[in-house]
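Step one of this worksheet: look at the structure below.
Quick note: numbers below take in every heavy atom, side chains included, and nothing from hydrogens, waters or symmetry partners.
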Amino acid sequence: MPGLTHPEILQWLRQPDSAALEQLFARADATRRTHVGDAVHLRGLIEISNHCVRQCLYCGLRAARAIPRYRMSREEILQCARQAVLLGFGTVVLQAGEDFGLAPEWIAEVVRVIKSETPLAVTLSLGERLPDELRLWRQAGADRYLLRFETSDPELYARIHPLRGATPSDRIGQLRFMRQIGYEVGSGVMVGIPGQTCEMLACDIGLFGQLDLDMVGIGPFLAHPQTPLGDPATPSAAEDQVPSTELMVLKTVALTRIVCPQANLPATTALATINTTDGREHGLESGGNVFMPILTPAPYRQMYEIYPGKACVDENATQCNHCLRMRIGRLGRFVGSGPGSRISSSL
Ligand code: 5AD
């Protein structure tokens, strides 16, 4: 019984009964085991810059905020990559706000050095960038690109992502382009964005399947009080509003596993933030097979505050590594070796 229809996805999203939901989680867990096994891949996250030209209504890094901004140096980034190797990670993710101060050739050079000095897979997550830049970085050796489309509903998308200049963004088109030029492609959404309905979220999950994504990141929307969407005065609660709860995130991860059986699905830091005790474990038990430990060094780690109260911010990379490995072991799972790309993990 592969896949799920739109009405089935919707029904599960609206299902309140925990006994019924156990069936969904069990099916997602079995699908995960069959298609990607018990390995949990570790992707070290390096938050290389918190500069951003965008004004996304939910994000703590939005350009309008007067916060301390940083860019890591090339040497600092390479140091983190070397640490990733020492900690046994297979991948580093270079993430930043949409920062055009990160010159395309500079990024390309950083990618080249990481690829030539280490066995790491390199994932880029640098926002909506120009086709030529994406091509340059792919040629420099970048393996994957992550760009969440956040919501497949055009009106909600437009409401929370003010235009920059005159050109509307086309993240779906960008994802297709990335695939064409040879990246493994990741996307994802936030669960519980004010104005997001179950109907919309069901469409998001369907779109993950249609795009045949290699990775899907799913986390709860977390209100940041210094952003328009986190302002208590902003009306939210649409009819059929998706709550930004752990349960809704877990349902979304589970449904995504069934729709994209071979995809890499992280148990995200945002999920760990709404349930610091065992949110990560719940993510791995509902279809997840990836953790993304933060490698960003202090003090930058504290400055990459996309939402407040972010889990793991007060730890360092060694502590995160230790904690996550313990959590994986306690579930009877093991840490994956090698880059953990969709191809190798599905063999
Ligand atoms: N709550 C939860 N997730 C957020 N992100 C940005 N702001 C928030 C927030 N307030 C997520 C977006 C983005 C990713 C890097 O972080 O989905 O794609």
Side-chain heavy-atom pair [X], [Y] within 4.5 angstrom cut-off:
X: Asp170; Y: Ile172; answer: yes
X: Ile107; Y: Ile48; answer: yes
X: Leu265; Y: Val290; answer: no
X: Leu21; Y: Trp12; answer: yes
X: Leu146; Y: Leu124; answer: no
X: Arg257; Y: Arg27; answer: no
X: Val93; Y: Leu295; answer: no
X: Leu156; Y: Gln196; answer: yes

State whether Phe100 and Arg129 meet the cation-pi test: NZ (Lys) or CZ (Arg) under 6.0 Å from the six-membered ring centroid, and within 45° of the perpendicular axis.
-> yes
Check: [X]/[Y] side-chain N/O donor and acceptor closer than 3.5 Å:
X: Arg82; Y: Gln79; result: yes
X: Ser169; Y: Tyr157; result: yes
X: Asn264; Y: Asp214; result: no
X: Glu199; Y: His6; result: yes
X: His224; Y: Glu305; result: yes

Do the two ring centres, one from Phe149 and one from His161, sit under 6.0 Å apart?
-> no
Hey, would you say the Phe291 and Phe89 ring centroids sit under 6.0 Å apart?
-> no
Check for a donor-acceptor pair, side chain of [X] on one end and backbone N or O of [Y] on the other, with a separation under 3.5 Å.
X: Glu22; Y: Ala19; result: no
X: Arg179; Y: Asp212; result: yes
X: Lys115; Y: Leu120; result: yes
X: Thr276; Y: Thr273; result: no
X: Tyr307; Y: Tyr58; result: no
X: Arg62; Y: Cys56; result: yes
X: Glu128; Y: Arg171; result: no
X: Glu76; Y: Ser73; result: yes
X: Arg164; Y: Arg54; result: no
X: Glu133; Y: Leu130; result: yes

Stepwise salt bridge (Lys or Arg N to Asp or Glu O under 4.0 Å) check, Arg112 with Glu105 | CA-CA 10 Å; Arg112 260 181 235 118; Glu105 188 42 54; 3.2 Å; yes
Atom pair [atom1] ([X]) and [atom2] ([Y]), whose distance is rounded to the nearest 0.5 Å:
X: Asp132; Y: Trp137; atom1: CG; atom2: CH2; answer: 11.0 Å
X: Glu246; Y: Ser286; atom1: CD; atom2: OG; answer: 8.0 Å
X: Thr256; Y: Ile218; atom1: OG1; atom2: CD1; answer: 3.5 Å
X: Leu42; Y: Thr91; atom1: CG; atom2: OG1; answer: 9.0 Å
X: Lys251; Y: Leu255; atom1: NZ; atom2: CG; answer: 8.5 Å
X: Thr123; Y: Met215; atom1: OG1; atom2: CE; answer: 5.5 Å

Looking at every heavy atom in both [X] and [Y], which two are closest together, and how far apart are they?
X: Leu24; Y: Ala254; answer: CG-CB, 4.0 Å
X: Pro225; Y: Pro308; answer: CD-CG, 3.7 Å
X: Val259; Y: Gly209; answer: CG1-CA, 3.5 Å
X: Gln55; Y: Ala64; answer: OE1-N, 2.9 Å
X: Cys320; Y: Ile294; answer: SG-O, 4.3 Å
X: Ala39; Y: Gly336; answer: CB-CA, 3.8 Å

For [X], is the [atom1] atom crowded, meaning more than 12 foreign heavy atoms sit under 6.0 Å from it?
X: Gln11; atom1: CD; result: no
X: Glu75; atom1: CD; result: yes
X: Arg14; atom1: CZ; result: yes

Pairs satisfying salt bridge (Lys or Arg N to Asp or Glu O under 4.0 Å), at least one member in residues 272-284, at least two apart | Glu281-Arg327, Glu281-Arg330
Side chain to side chain contact (heavy atoms under 4.5 Å, CB included) between Met292 and Thr268, worked out = CA-CA 7 Å; Met292 295 175 70; Thr268 56; 5.9 Å; no
Show your reasoning for whether side chain to side chain contact (heavy atoms under 4.5 Å, CB included) applies to Val191 and Leu201.
-> CA-CA 8 Å; Val191 172; Leu201 185 54; 4.2 Å; yes
Stepwise side chain to side chain contact (heavy atoms under 4.5 Å, CB included) test for Ile67 and Met303 = CA-CA 8 Å; Ile67 54 169; Met303 292 160 74; over 6 Å; no
Is it the case that one hydrophobic cluster holds both [X] and [Y], taking links as side-chain heavy atoms less than 4.5 Å apart, direct or via other members?
X: Met248; Y: Leu229; result: no
X: Val216; Y: Val40; result: yes
X: Leu250; Y: Leu331; result: yes
X: Phe208; Y: Leu4; result: yes
X: Ile193; Y: Leu163; result: no

Ion pair check, Arg301 and Glu47, cut-off under 4.0 Å | no
salt_bridge(Arg32, Asp38) N-O dist < 4.0 Å | yes
Yes or no on side-chain hydrogen bond (donor to acceptor under 3.5 Å, both in side chains) for Tyr145 and Glu184, after CA distance, side-chain angles and deciding distance?
-> CA-CA 7 Å; Tyr145 204 99; Glu184 273 188 67; over 6 Å; no
Full working for side chain to side chain contact (heavy atoms under 4.5 Å, CB included) between Arg71 and Asp99 | CA-CA 9 Å; Arg71 275 184 201 110; Asp99 177 9; 2.7 Å; yes
